[in-house]
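Some notes on the structure that comes next.
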Amino acid sequence: MSEPEFDEVIHPINRLRICSMLAPVDSLAFSVVRDELGLSDSVLSKQLKILQAAGYVKLNKEPLGSRIRAWIALTPEGRAALTAHLAHLRAIAKAANPPEPGPR
């Protein structure tokens with residue numbers, strides 16, 4: 001089994017938070033992610049374009065009355081990348097903690 005991989009695409013905080021929000025659900029509305037993370041539409045859109053280009057998220061737009069509602073979902077590749085990235089971060093955190101002293 002290979003080492004978990006650090007992912008430069010996911011690592012920036014806004015992208016990591018987006019992926020982490022999407023991980024436990026099938027999809028979330030653009031407005032829910034925007035409001036929860038306190039991002040502007042343009043900042044969220046920019047981050048989603050980067051994640052889309054990597055194949056980590058997909059957007060689905062649906063009509064809602066006279067408006068369009070966008071739904072965001074992690075792809076299987078995005079879920080795998082997030083899982084590996086988080087495993088890598090856990091390994092870094094574990095290495096930073098000194099071992100517990102054993103009995104003497």
Side-chain angles (χ1 to χ4, degrees):
M1 188 164 147
S2 65
E3 291 278 323
E5 294 183 26
F6 184 88
D7 193 303
E8 298 277 347
V9 174
I10 291 177
H11 190 69
I13 192 64
N14 284 333
R15 285 182 242 148
L16 181 59
R17 292 174 71 205
I18 292 165
C19 291
S20 295
M21 279 186 74
L22 295 171
V25 299
D26 290 332
S27 64
L28 285 174
F30 181 97
S31 59
V32 170
V33 176
R34 177 198 63 212
D35 295 348
E36 182 68 26
L37 298 181
L39 302 175
S40 67
D41 285 356
S42 63
V43 169
L44 179 54
S45 292
K46 180 179 178 184
Q47 298 307 310
L48 290 174
K49 283 180 185 171
I50 294 167
L51 290 167
Q52 274 186 293
Y56 291 171
V57 300
K58 61 181 177 178
L59 267 68
N60 182 30
K61 295 182 179 180
E62 298 177 350
L64 180 66
S66 62
R67 306 184 82 176
I68 300 288
R69 187 160 193 187
W71 293 89
I72 312 163
L74 276 179
T75 63
E77 294 82 7
R79 287 185 189 283
L82 177 63
T83 298
H85 185 72
L86 292 174
H88 188 84
L89 293 178
R90 281 191 287 278
I92 291 170
K94 183 178 177 183
N97 291 319
E100 297 276 332
R104 292 187 178 196

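Along the sequence shown, the residues carry numbers beginning at 1.
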Selection residues 9-36 - residue pairs positive for ring-ring contact (aromatic ring centres under 6.0 Å, His included), sequence neighbours left out: Phe6-His11, His11-His85
When the side chains of residues 68-78 are checked against the rest of the protein, which donor-acceptor pairs come out under 3.5 Å, sequence neighbours left out?
| unit_1 | atom_1 | unit_2 | atom_2 | d |
| --- | --- | --- | --- | --- |
| Trp71 | NE1 | Glu62 | OE1 | 3.4 |
| Thr75 | OG1 | Gly55 | O | 2.5 |
| Thr75 | OG1 | Tyr56 | O | 3.3 |
| Thr75 | OG1 | Glu77 | N | 3.4 |
| Thr75 | OG1 | Glu77 | OE1 | 3.3 |
| Thr75 | OG1 | Gly78 | N | 3.0 |

Distance-minimising heavy-atom pair for Leu82 and Ile10: N-CD1, 3.5 Å
Residue list, side chain to side chain donor-acceptor pair (under 3.5 Å) with Asn97, at least two apart or on another chain: none
Reported CZ-to-NZ distance for the pair Arg90 and Lys94, which is rounded to 0.5 angstrom: 11.5 Å
Any side-chain heavy-atom pair of Val33 and Ile18 under 4.5 Å: yes
For the student: nearest non-hydrogen atoms of Ala81 and Asp7, plus distance: CB-OD2, 3.6 Å
Atom pairs and distances, donor-acceptor, side-chain atoms in residues 39-52, under 3.5 Å, two or more places apart:
| unit_1 | atom_1 | unit_2 | atom_2 | d |
| --- | --- | --- | --- | --- |
| Ser40 | OG | Ser42 | OG | 3.2 |
| Ser40 | OG | Val43 | N | 3.1 |
| Asp41 | OD1 | Arg34 | NH1 | 3.0 |
| Ser45 | OG | Asp41 | O | 2.9 |
| Gln47 | OE1 | Arg15 | NE | 2.7 |

